[in-house]
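Protein chains get the first letters and strands the later ones, always in sequence-line order, with residue 1 at the start of each. These numbers were taken from a predicted model, which means no experiment stands behind them.
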Amino acid sequence: MATTTLHHFPSKTITSPTTITQFPENPKTLILQQCKTTKDLNQVHAHLIKTRLHLNPRFTENLLESAAILIPNTTMDYALSIFRNINEPDPSAYNVMIRAFTLKKSPQEALILYQKMHENSVQPDPFTFPCTLKACSRLRALREGEQIHAQIVKSGFGSKVNNTLIHMYANCGKIEFACKVFDGTSKSDVFAWNSMLSGYVRSECWGEVLKLFDEMRDMGVGFDEVTLISVLTSCGRLANIELGEWIHEYVETNGLKGSVNLVTSIVDMYAKCGYVDKARRLFEEMDRRDVVAWSAMISGYSQARKCKEVLDVFRDMQMAKVEPNEVTLVSVLSCCAVLGALETGKWVHFYVKKKRMELTVTLGTVLMDFYAKCGLMESAIEVFNKMPFKNVFSWTVLIQGLANNGQGKRALEFYALMREKSIEPNDVTFIGVLSACSHAGLVDEGREFFVSMSRDFGIDPRTEHYGCMVDILGRAGLIEEAYQFIKNMPIQPNAVIWRTLLASCRAHENVEIGEESLKNLVQLEPMHSGDYILVSNIYASVGRLEDAMKVMNQMREKGIKKTPGCSLIELDGEIYEFFAEDSVSPHSKEVYNAAEKMIKKIKSAGYMPNAADARLDAEGDDKEASVAHHSEKLAIALGLIKTRPGTTIRISKNLRVCSDCHNATKIISKVFSREIVVRDRNRFHHFKDGSCSCNDYW
DNA sequence: TTAGGGTTAG
């Protein structure tokens with residue numbers, strides 16, 4: 001197995017040029033390799049000039065290599081000054097410079113130099129091509145890559161660089177060209193197979209990877225660690241646990257468990273196939289874990305939406321003194337977004353700033369998403385403005401975030417800006433755009449976007465897009481039209497579509513279509529308690545209490561249990577959880593008293609409890625008590641007594657907000673002069689001065 | 001020469 005060669009420099013330093021009296025046979029290894037800094041090199045350089053040895057290209061090139069590559073953490077300035085002083089640089093001098101530019105992440109300069117070499121009629125040698133092709137790979141410079149390919153063919157040094165060519169084409173997104181090169185390659189070389197496999201991985205052709213691996217085994221080509229890593233990546237993406245497990249066994253029986261890279265790939269494979277616990281066990285068995293191994297475990301939990309575990313492992317990682325990098329933080333932030341864990345996410349943002357980490361597209365986008373999902377749109381926009389590069393993901397997160405936070409019009413303004421900047425929207429962008437229309441009540445604009453999506457961008461609407469249209473029509477009270485829209489859908493409507501329609505029936509008290517929606521829902525997802533409750537609420541709101549009870553009984557007969565409402569509030573970094581009529585929480589007495597006082601105060605400001613939201617089996621005063629003890633009222637009451645006046649109260653809850661709580665919270669925001677942000681299962685409600693950002697439709 | 005971990009929606 002090939003490993004990267006590391007240059008270990010002896011610690012002996014060169015004190016003065018006078019100590020160098022005679023150059024040995026190989027000055028590069030004995031003297032130049034001892035140079036640790038540019039200052040050391042300067043001394044050797046001066047000596048070379050003094051003794052006129054600098055006219056000997058062999059010495060000068062060795063000096064050049066030290067200046068360009070061997071001295072750690074240095075710029076190319078010194079090397080360039082040496083290079084410019086060479087009268088007629090030969091191919092190896094060019095090679096050193098091209099290699100150094102590619103290594104030092106200036107592939108553009110590498111290609112310019114290659115061009116110069118060509119202009120000066122210096123013939124490339126077999127060592128010129130690999131590093132030049134690497135530069136093309138980095139830049140995804142297909143045209144230049146193809147030119148170099150042609151030159152390679154002409155030069156007759158072809159077969160040696162086939163693997164680098166495969167890599168270059170795959171990196172430039174031309175997997176079919178990579179295949180052609182591979183077809184003309186000797187199939188006995190594991191490197192060629194590995195290059196092709198990693199090419200497929202880069203192009204996300206997961207199935208092809210497995211096919212090629214099969215072929216490899218059929219042909220009896222031996223495989224190595226690198227092969228298995230590519231195959232494991234594909235197993236994870238395809239959820240091919242059988243092959244994944246086979247490789248795991250192979251690794252165990254062949255004593256390959258010492259390889260951090262390989263075991264990390266197995267951990268990742270298990271997590272991506274949905275076996276996070278298995279991934280965790282293997283992760284625990286590793287005797288050395290680097291930042292990638294930790295990140296694989298963290299992202300495994302993050303993708304499985306096991307957010308508590310993400311934060312636990314992240315804490316363990318810090319205890320183990322392994323520094324997180326961008327990838328780690330992206331997974332952590334994405335789980336803070338899911339949890340609405342504002343404090344932890346803010347801490348990560350602070351860490352990013354403290355470590356002066358670059359605000360890349362991915363990191364910036366996930367930070368924006370985190371702030372948006374915590375209801376802090378201004379912070380999300382601040383991050384957006386600071387990002388030097390933005391892609392369609394960043395714009396989509398912004399549009400979606402604004403839409404979910406009740407700023408539909410602003411979301412559409414950003415969509416217009418995005419188009420001005422010629423960023424092509426994708427299918428998810430349109431989910432954001434359509435939900436913005438829905439929140440802003442813009443029916444005609446919504447219809448227009450729905451058409452534009454396929455007409456102007458060739459995006460076929462998916463169920464989610466149809467769902468958005470149903471929401472737009474339903475919210476505007478066009479229930480019959482929404483119903484017809486579903487009937488005419490070219491794809492089968494799913495439960496979410498019918499549920500969206502049902503929610504609009506609840507808001508507009510449409511019994512008939514509500515009943516029809518439930519009929520369909522019962523067939524698609526018979527065990528979903530929320531649907532029965534919505535229909536029961538519709539009956540109750542039009543005074544048909546008996547029918548309301550009947551639906552609830554039907555639900556009970558089927559053995560369906562109500563999902564208990566649960567609200568969370570984070571106070572001083574601690575999370576408090578409330579359930580309706582919760583009497584077990586340690587704060588219950590204090591909280592109930594606070595809730596009582598709160599209700600009294602808002603009643604005198606005009607709040608009327610809405611009995612339609614109470615438990616149907618409750619009577620009279622009990623009905624009132626039942627709604628008064630909904631989990632979000634308890635959480636808000638705790639927030640009111642535990643935070644300073646004027647502080648924003650942030651609640652997240654697992655269900656939709658009920659209309660009584662919605663009404664009560666509006667009045668609370670006015671009476672107590674507090675901004676209250678409630679994140680429910682679908683959207684945000686920003687309550688301020690007696691009104692809500694959702695405009696009373698949710 | 002080839003290799004492991006990441007972002008939007010549902």
**Prompt:** NA contact type, Thr362(A), heavy-atom cut-off 4.0 Å: base, sugar-phosphate, or nothing?
**Reply:**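 Base, at least one base heavy atom under 4.0 Å.
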- request: Would you indicate what Val392(A) reaches in the nucleic acid, counting non-hydrogen atoms under 4.0 angstrom: base, sugar-phosphate, or nothing?
  value: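 No contact.
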Using a cut-off of less than 4.0 Å, is there contact between a side-chain N or O of Thr365(A) and OP1 or OP2 of dT8(B)?
no
Inset, instruction - Assert yes or no for the condition that the ring centre distance of Phe182(A) to Trp193(A) is strictly below 6.0 Å. - result: yes
Leu228(A) CG to dA3(B) P, in whole Å, measures 14 Å
Starting at atom OH of Tyr200(A), determine the distance to atom C1' of dG4(B), rounded to an integer number of angstrom.
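Going from Tyr200(A) (OH) to dG4(B) (C1'), I get 21 Å.
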Check your understanding: Ignoring hydrogens and angles, are the base of dG6(B) and the side chain of Glu326(A) linked by a donor-acceptor pair under 3.5 Å?
Key -> yes
ask   = Side-chain donor-acceptor pair under 3.5 Å between Asn494(A) and Thr463(A), yes or no?
value =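 No, because no side-chain N or O of Asn494(A) sits under 3.5 Å from a partner of the opposite role on Thr463(A).
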- Task: Give Asp290(A) one of three labels, base, sugar-phosphate or nothing, depending on what nucleic acid heavy atoms sit under 4.0 Å from its own.
- Result: base
Of the listed dG4(B), dG10(B), dT8(B), the closest approach to the Glu464(A) side chain comes from dG10(B)
Ion pair Arg280(A)/Glu309(A), N-O distance below 4.0 Å: no
Worksheet entry | Spacing between His248(A) atom NE2 and dG4(B) atom C1', to the nearest angstrom |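 It works out to 15 Å between those atoms.
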- Message: Under 4.0 Å, heavy atoms only, any strand: does Val292(A) hit a base, just the sugar-phosphate, or nothing?
- Response: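 Here Val292(A) touches the bases of the nucleic acid.
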Fill in: Side-chain N or O of Ser198(A) closer than 4.0 Å to phosphate OP1/OP2 of dT2(B)
no
Rounded to whole Å, CG of Leu398(A) lies from C1' of dT8(B) at a distance of 11 Å
The nucleotide from dA3(B), dG5(B), dA9(B) with an atom nearest the side chain of Val291(A) is dG5(B)
Review point. Do other residues, nucleotides or ligands put more than 12 heavy atoms under 6.0 Å from Glu285(A) CD?
Key: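 Enclosed.
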Of the candidates dT8(B), dT7(B), dT2(B), the side chain of Val366(A) sits closest to dT7(B)
Notebook entry, point to check: Where is the tightest heavy-atom contact between Ala304(A) and Val276(A), given as atom of each residue plus distance?
Noted result: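 The pair with the smallest heavy-atom distance is CB-CG2, 4.1 Å.
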From the candidates dT8(B), dG6(B), dT2(B), the one with an atom nearest any side-chain atom of Lys373(A) is dT8(B)
| Minimum-distance nucleotide (side-chain atoms of Glu225(A) versus dG4(B), dT7(B), dA3(B)) |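 Ranking dG4(B), dT7(B), dA3(B) by closest atom to the Glu225(A) side chain puts dA3(B) first.
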Regarding the side chain of Thr396(A), the nearest nucleotide among dA9(B), dA3(B), dT8(B) is dT8(B)
Quiz item: Do Ser295(A) side-chain and dG5(B) base share a donor-acceptor contact under 3.5 Å?
Solution: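 Present.
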- [ ] Pick base, sugar-phosphate or nothing for Arg237(A), based on heavy-atom distances below 4.0 Å to the nucleic acid.
- [x] sugar-phosphate
Does any donor-acceptor pair link the side chain of Thr264(A) with the base of dG4(B) at a separation under 3.5 Å?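 In this structure, the two groups form a donor-acceptor pair.
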- request: Answer yes or no: is there an ion pair linking Glu245(A) with Lys278(A), defined by an N-O contact shorter than 4.0 Å?
  value: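 Salt bridge present between Glu245(A) and Lys278(A).
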Met297(A) CE to dG6(B) C1', in whole Å, measures 15 Å
Select base, sugar-phosphate, or nothing to describe what Thr233(A) touches, counting heavy atoms under 4.0 Å on all strands.
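Sugar-phosphate contact only.
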Would you call Phe191(A) stacked on dT1(B), i.e. ring centres under 5.5 Å apart with the planes less than 30° off parallel?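 So yes, this residue stacks on that base, both cut-offs being met.
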With the side chain defined as heavy atoms from C-beta on, Phe393(A) is closest, among dG4(B), dT7(B), dT2(B), to dT7(B)
For this session: Measure from the side chain of Lys272(A), starting at C-beta and using heavy atoms only, and say which of dT2(B), dT8(B), dG5(B) lies closest.
Result: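 Selected nucleotide (nearest to the side chain): dG5(B).
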I need the CG-C1' distance between Asn494(A) and dA9(B), as an integer number of Å.
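Answer to the nearest Å: 13 Å.
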The nucleotide from dT1(B), dT8(B), dG4(B) with an atom nearest the side chain of Asp369(A) is dT8(B)
Note to self: Tell me if a side-chain donor or acceptor on Arg140(A) pairs with a main-chain N or O of Gly173(A) at a distance below 3.5 Å.
What the structure shows: no
Here the distance between atom P of dG4(B) and atom CD1 of Ile298(A), to the nearest Å, is 19 Å
Rounded to whole Å, CG of Asp427(A) lies from C1' of dA9(B) at a distance of 8 Å
